[in-house]
Amino acid sequence: MAQVQETPVKPGYDVVIVGGAMYGSSVSWWLASNPDFGGSVLVVERDPTYEFCSTSHTNSCIRQQFSNEINVRVSQFGAEFVKNFREYMGNDPRVPQPLIHSFGYMYLADNADFAGVLKENQKLQAACGAGTRHMTPDEIAAAYPFYNLEGIVGANHNLVDEGYFDGATLFDWWKRSAREKGVEFIANEVVAMTRNAAGTQVESVTLKSGEIIACGTVVNASGPRAVLTSRMAGIDIPVEPRKRYTFIFAAENPLDRDLPLTIDPSGVHMRTDGQYYMAGCPPADDPAPDYDDFVQDHSIWEDKAWPAIANRIPQFEAIKLINSWTGHYAFNTLDQNAILGRHTTVDNFIFVNGFSGHGFQQSPAMGRGTSELIIYGEYRSLDLTPFNYDRIERDEAFVEKAVI
Ligand SMILES: Cc1cc2nc3c(=O)[nH]c(=O)nc-3n(C[C@H](O)[C@H](O)[C@H](O)COP(=O)(O)OP(=O)(O)OC[C@H]3O[C@@H](n4cnc5c(N)ncnc54)[C@H](O)[C@@H]3O)c2cc1C
């Protein structure tokens with residue numbers, strides 16, 4: 001087995017990325033793939049097994065159904081990227097072509113106010129070219145007769161570029177291809193940062209193994225630990241870990257068609273997952289756990305998930321839990337939207353943080369935008385400025401209403 005590299009080859013790099021999971025890989029790949037970038041990139045990853053990162057716990061779904069136009073556009077690029085992955089990877093014959101399993105998200109409304117929000121969202125999404133349609137209970141029943149629609153007044157659903165995608169393939173190939181293009185990935189931890197005398201730049205990062213590495217730009221791609229990394233540069237951001245539970249179950253009487261990713265008014269979501277089904281939900285009480293706390297709470301399945309599933313789909317009275325896991329969202333407590341861009345004072349410190357449960361699908365667009373910011377000093381493909389860090393300093397929320 002190849003030895004994992006722990007020590008950087010050089011004393012300094014143009015870009016040092018803290019965290020080497022989905023975002024460290026995406027940003028480094030976009031940088032290394034751009035002929036206008038001739039710099040050096042070091043990616044530092046504290047756990048190269050990736051056992052506990054969000055990326056390893058993801059449900060890997062993509063949707064067009066957001067309440068902000070820019071989030072719709074970001075996911076639309078995500079879908080285009082997935083569907084043309086091999087082409088984006090230079091038509092490399094080794095690269096597989098992932099598909100999107102478009103079963104769609106089904107947002108169920110049990111009151112007129114929420115149905116009104118769904119109708120507004122549908123208009124915005126349709127104006128962006130998304131296939132979302134608002135459905136009456138009769139229309140839902142005709143398309144998906146297995147739902148118990150008691151109390152449901154409407155829903156939004158979209159069958160185009162919305163469902164599961166094989167994000168693990170993107171992750172693997174971004175890492176592999178970035179390495180082949182000269183990006184250095186090391187197994188180590190950034191434990192400190194040193195700023196210049198004026199406090200306007202991070203001059204170096206200190207590794208757990210003791211080396212001090214000079215840097216032109218630092219990218220914070222530390223997932224739920226983002227605030228620990230930013231504090232090394234004297235910066236606070238409203239990002240906390242939040243536990244999210246995933247359950248895989250088998251049904252004694254499987255459905256005769258795909259189960260859309262159904263967002264039940266109870267807060268439980270459920271969907272088709274190959275021969276099985278997947279469900280998930282937040283806990284009723286949602287505090288920030290310890291960074292290393294991945295303990296499963298089985299009462300959530302018994303008391304919350306299973307009853308909600310059996311209520312919405314009576315055919316799921318007889319189901320068997322097959323597997324479950326707990327992952328951490330990097331939860332932006334201000335507005336549940338990504339935090340991107342440069343810090344206002346420490347201007348070589350760049351954020352890709354706070355994705356709050358929808359970061360996997362956003363990684364193509366956000367990685368590309370961040371690479372553009374580093375190379376050109378501006379976003380070129382999609383204007384991602386609404387996500388910029390400066391709103392955090394102004395305490396100005398950019399609210400995304402469709403957070404699961
Ligand atoms: C249960 C669950 C379901 C989800 N479902 C979806 C979904 O369906 N669709 C979707 O779009 N998104 C989903 N997400 C969100 C998505 O998985 C994340 O947004 C995405 O994986 C974040 O990637 P990341 O690289 O920012 O963070 P992470 O994957 O957490 O990676 C951060 C990395 O930084 C490393 N690190 C931290 N500090 C340091 C340091 N000081 N030095 C070196 N390394 C460090 C960590 O070890 C880690 O590997 C889900 C998340 C969870 C938890």
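In each ligand, atom 1 is the first atom listed, and ligand 1 is the first ligand listed.
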Considering the heavy atoms of H328, write down every atom of ligand 1 situated less than 4.0 Å from one of them. 53 (C)
Suppose we measure from atom 26 (O) of ligand 1 to each protein heavy atom; which comes out shortest, and what is that distance? Y23 CD1, 3.3 Å
Distance under 4.0 Å to a non-hydrogen atom of N188: what atoms of ligand 1 satisfy this? 43 (C)
Cationic N near anionic O, under 4.0 Å, D161 to K83: yes
Filtering S222, A192, A187, C61 for the heavy atom nearest atom 37 (C) of ligand 1 leaves S222
Determine whether the side chain, the backbone, both or neither of S60 has a heavy atom under 4.0 Å from any heavy atom of ligand 1. backbone
Check this for me: does any side-chain nitrogen of one of D172 and R176 sit under 4.0 Å from a carboxylate oxygen of the other? no
May I ask you to decide whether E378 forms a salt bridge with R380, counting only side-chain N to carboxylate O separations under 4.0 Å? yes
Can you figure out which of T58, V352, N353 has its heavy atom closest to atom 50 (C) of ligand 1? T58
From T272, D258, D166, residue fulfilling side chain to side chain donor-acceptor pair (under 3.5 Å) relative to H101: D258
Among protein heavy atoms, which sits nearest to atom 35 (C) of ligand 1, and what does the distance come to when rounded to 0.1 Å? E45 OE1, 3.3 Å
Would G357 count as being in polar contact with ligand 1, using the rule that some N or O on each side must be under 3.5 angstrom apart? yes
The residue among T345, D347, T217 that forms side chain to side chain donor-acceptor pair (under 3.5 Å) with Q201 is D347
Do any nitrogen or oxygen atoms of F355 lie less than 3.5 angstrom from nitrogen or oxygen atoms of ligand 1? no
So is there a nitrogen or oxygen of N59 less than 3.5 Å from a nitrogen or oxygen in ligand 1? yes
Taking distance alone, with N or O pairs closer than 3.5 Å, would you say F360 contacts ligand 1? yes
SB check K243 D297 (cutoff 4.0 Å): no
Can you report which non-hydrogen protein atom sits closest to atom 31 (O) of ligand 1, along with the distance? A21 CB, 3.1 Å
